[in-house]
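Everything below concerns the one structure shown next.
Whatever order the structure lists them in is the order used to number ligands and atoms, beginning at 1. Note that the numbering runs from 1 along the sequence shown for the chain.
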Amino acid sequence: MFYPYLGTETMNNQIITVVGGGSAGWMTANLLHNQLHQHGFTIRVIESPSIGIIGVGEGSTPQLKVFFDMLGIAEQTWMPRCDATFKHGIRFNGWTDLVHPQYDHYFHPFPSNQDHNSGRYFLQQVHTMLAGYPAMPHPDLYFLTATLAQQNKTPAHEHPELQTNYGYHFDSAKLGQFLKTHGTQQGIQVITTTIDSIQHQANTIVSVTDEQGQIFNSDWFFDCTGFGGKLIQEALGTDFIHYTDNLFNDRAVAIPTRREEQELPQTTATALPCGWAWRIPLTSRIGNGYVYSSQYCTADEAEHVLRQHLNIDDKIPARHLSMKVGRLAQHWVGNTIAVGLAQGFIEPLEATALHLVQETVTQFIGAFTAGRFTTIYKEQFNDNINARFEGIRDYIVAHYACNQLTHARMSQKYASSNSRFHFDGKAVTIDTPRYWEDCREKVVTSENLQAVLACWERGGDLHQLLVDRKMQTYYPTLSWYTLLAGYRRFTHQQYQDNLQTQQIQAKLVELTQHFTC
Ligand SMILES: Cc1cc2nc3c(=O)[nH]c(=O)nc-3n(C[C@H](O)[C@H](O)[C@H](O)COP(=O)(O)OP(=O)(O)OC[C@H]3O[C@@H](n4cnc5c(N)ncnc54)[C@H](O)[C@@H]3O)c2cc1C
């Protein structure tokens with residue numbers, strides 16, 4: 001995102017209208033107000049009283065800390081009001097078919113400065129293994145945040161020298177409300193009404209009109225209306241590129257449960273017969289859900305499997321959701337910019353949606369101010385956002401392409417041969433189709449991802465490849481190594497403990513003593 005800075009002009013009384021008051025709309029409005037109000041822009045949010053928000057999306061990347069820091073909002077202020085907890089990374093449970101309990105999971109940590117030496121040793125272990133010798137390339141052993149999560153420790157704010165990267169879990173509805181309150185206190189205008197029609201001349205939106213016929217003119221529009229994309233898709237007809245061939249999951253079912261006594265500061269992603277389940281601990285409850293493919297199982301089957309996985313009956317109601325997975329061909333068209341679900345969605349495995357919201361708005365502000373509040377950097381902006389979508393998509397596709405699960409293992413675990421369950425008064429047959437095999441064999445992988453996998457297999461310089469292809473911008477080298485080693489993508493499986501790994505583990509455990517529970 002490098003837009004040359006050209007000037008500091010002020011625009012007189014230009015209006016930016018954000019249509020949509022979900023997390024994307026309120027994050028967008030707050031960022032725009034924070035950065036553009038000083039240049040003479042007034043920010044206005046229009047949100048519908050009758051169209052709800054999606055109401056899921058409870059995990060973040062470390063980028064969310066940057067967002068709150070930018071707005072000058074302390075963790076002590078926003079976290080308690082959003083039932084928020086800390087997140088050191090994501091534990092992937094059962095995505096390999098290997099039965100050894102130590103190896104059927106791995107942790108994708110948010111790497112930190114503390115990992116320089118241990119991370120280097122991890123890479124050496126990987127390359128030893130790739131060269132055909134025994135080694136110990138289990139990623140969980142080499143990262144401070146992985147150890148912190150296991151030990152149930154929170155980030156060490158009182159020791160800046162031990163600063164780690166971390167994300168958050170939060171109640172998404174409360175986050176939206178918090179940002180609305182904050183934004184309106186700062187001077188963002190809010191109008192509660194439902195937009196019915198859009199008036200535009202070619203690619204330029206002139207006004208939007210609500211159900212009562214009230215017309216809202218504006219200089220710029222942000223479409224944050226969710227999956228429908230009322231402005232950019234419905235009115236302007238911008239093309240949508242589906243990721244259906246790359247990512248099979250298109251549905252989710254969510255059921256909250258009570259918080260348990262000891263909850264680790266991590267998201268857990270557990271493989272299920274036709275997708276995976278998230279477990280997100282908040283201070284008030286646990287967010288759970290099953291993300292699955294409707295080509296392979298019905299909504300009833302998915303709900304049943306999730307209840308079985310959570311070991312709960314049908315007293316707590318479930319929410320069923322559809323996901324439109326893919327992205328717009330262009331996110332900035334004329335005077336309209338799409339943000340959030342309106343611009344696209346990559347399935348939630350790595351909790352990147354709000355990260356993309358923040359990135360889109362921050363990049364827009366960079367391009368807009370550098371271009372003296374014109375559209376001159378629009379194409380560059382669109383290329384950057386598209387590259388980011390593809391980069392994140394490739395990393396998520398890698399999880400599916402590298403899984404080692406089989407139909408047999410899943411049948412054994414979730415539906416012993418031909419079992420029938422009675423759910424919601426209906427008989428539901430649960431059989432596990434070849435979902436995981438199909439993910440491995442049929443997902444379309446990009447040229448970049450193919451190059452990564454080929455480089456890994458020949459034991460090549462993966463870091464250089466990621467740098468050359470600019471893939472490192474989206475996921476760092478250590479994340480790629482963690483993923484590929486986490487799925488045990490080796491031609492032999494001779495794991496061998498060694499003294500240096502033990503010393504690294506001991507050192508990491510010692511470091512965790514400076515952190516509180
Ligand atoms: C199963 C699942 C899990 C997810 N997990 C994560 C996660 O862990 N981390 C993460 O970062 N993201 C996650 N996401 C994505 C996350 O939920 C969304 O990115 C985020 O909530 C932003 O949504 P949004 O604001 O774009 O849309 P919505 O929440 O749908 O909000 C749309 C807004 O537009 C308004 N609106 C719509 N039409 C009109 C109209 N005609 N007139 C006026 N207003 C209108 C609505 O009233 C609403 O306020 C997940 C998504 C799904 C489906």
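Checked by atom type and distance alone, the side chain of W436 pairs as donor or acceptor with a backbone atom of L272 at under 3.5 Å. The backbone N or O of Q308 lies less than 3.5 Å from no partner atom in the side chain of N311, so there is not a single donor-acceptor pair. With Q343 contributing its side chain and G340 its backbone, the two residues share a donor-acceptor pair below 3.5 Å.
Below 4.0 Å from some heavy atom of S23 lie the following atoms of ligand 1, by number and element: 20 (C), 21 (O), 25 (O). Here is the list of ligand 1 atoms found below 4.0 Å of a heavy atom in G59: 7 (C), 8 (O), 9 (N), 10 (C), 11 (O). Close contacts of ligand 1 with K230, meaning ligand atoms under 4.0 Å from a residue heavy atom, involve 41 (N). Residue contact check: T193 has heavy atoms under 4.0 Å from atoms 43 (C) of ligand 1. The contact set between ligand 1 and W278, taken as ligand atoms under 4.0 Å from a residue heavy atom, comprises 1 (C). For ligand 1 and G340, the ligand atoms under 4.0 Å from any heavy atom of the residue are 26 (O). For ligand 1, the atoms lying closer than 4.0 Å to a non-hydrogen atom of E58 are 7 (C), 8 (O).
Residue contacts with ligand 1, taken as heavy atom pairs separated by less than 4.0 Å, involve C224 solely via the backbone atoms N, CA, C and O. Contact annotation for H355 and ligand 1: no heavy atom of the residue comes within less than 4.0 Å of the ligand. Contacts with ligand 1 closer than 4.0 Å are made by heavy atoms of both the backbone and the side chain of A353. Neither the backbone nor the side chain of D210 has a heavy atom within less than 4.0 Å of ligand 1. At a 4.0 Å heavy-atom cut-off, ligand 1 touches S48 through backbone and side chain alike.
Identified under the side-chain hydrogen bond (donor to acceptor under 3.5 Å, both in side chains) test for residues 177-187, with sequence neighbours left out: E47-K180.
In terms of protein heavy-atom proximity, atom 11 (O) of ligand 1 is nearest to L354 N, 2.9 Å. Protein heavy atom in closest approach to atom 38 (N) of ligand 1: I51 CD1, 3.5 Å. Residue, atom and distance of the protein heavy atom nearest to atom 31 (O) of ligand 1 are G22 CA, 3.6 Å. Protein heavy atom closest to atom 13 (C) of ligand 1, with residue, atom name and distance, is G57 CA, 3.3 Å. For atom 42 (N) of ligand 1, the nearest non-hydrogen atom of the protein is I195 N, 2.9 Å. Considering only non-hydrogen protein atoms, atom 16 (C) of ligand 1 sits nearest to V56 O, 3.7 Å. Looking only at protein heavy atoms, the nearest one to atom 24 (P) of ligand 1 is A24 CB, 3.8 Å. Closest to atom 37 (C) of ligand 1, if we only count protein heavy atoms, is T225 O, 3.5 Å.
The pair R259-E263 does not count as a salt bridge, with every side-chain nitrogen at least 4.0 angstrom from each carboxylate oxygen. Between D223 and K230 there is no salt bridge, since no side-chain nitrogen of the basic residue lies less than 4.0 Å from a carboxylate oxygen of the acidic one. With salt bridges taken as basic N to acidic carboxylate O contacts below 4.0 Å, one links R285 and E58.
The shortest N or O to N or O distance between L321 and ligand 1 is not below 3.5 Å. Ligand 1 has a nitrogen or oxygen under 3.5 angstrom from a nitrogen or oxygen of G21. Note: no N/O pair closer than 3.5 Å links A252 and ligand 1 by distance alone. The shortest N/O to N/O separation between A342 and ligand 1 does not fall below 3.5 Å. For F227, no nitrogen or oxygen atom sits less than 3.5 Å from a nitrogen or oxygen atom of ligand 1, counting backbone and side chain alike.
Within the 4.0 Å heavy-atom shell around ligand 1 one finds T194. Within the 4.0 Å heavy-atom cutoff, F345 counts among the residues contacting ligand 1. Taking 4.0 Å as the cut-off, S60 does not count as a neighbour of ligand 1 on heavy-atom distance.
Ring to ring, W78 and F67 are not that close: their centroids are 6.0 angstrom or more apart. Residues Y292 and Y290 place their aromatic rings such that the two centres sit under 6.0 Å apart. Separation of the Y166 and F110 ring centroids does not fall under the 6.0 Å cut-off. Checked against the 6.0 Å centroid criterion, the rings of F41 and F373 qualify as a close aromatic pair. For F368 and W220, the distance between ring centers is under 6.0 angstrom. With ring centers used as reference points, H331 lies under 6.0 Å from F389.
The ring-ring contact (aromatic ring centres under 6.0 Å, His included) test with W480 is passed by exactly one of Y395, Y487, Y474, Y475: Y395. Screening W95, F92, F248 for a ring-ring contact (aromatic ring centres under 6.0 Å, His included) with Y400, the sole residue that qualifies is W95.
Counting only heavy atoms from C-beta outward, the side chains of T145 and N165 never approach each other to under 4.5 Å.
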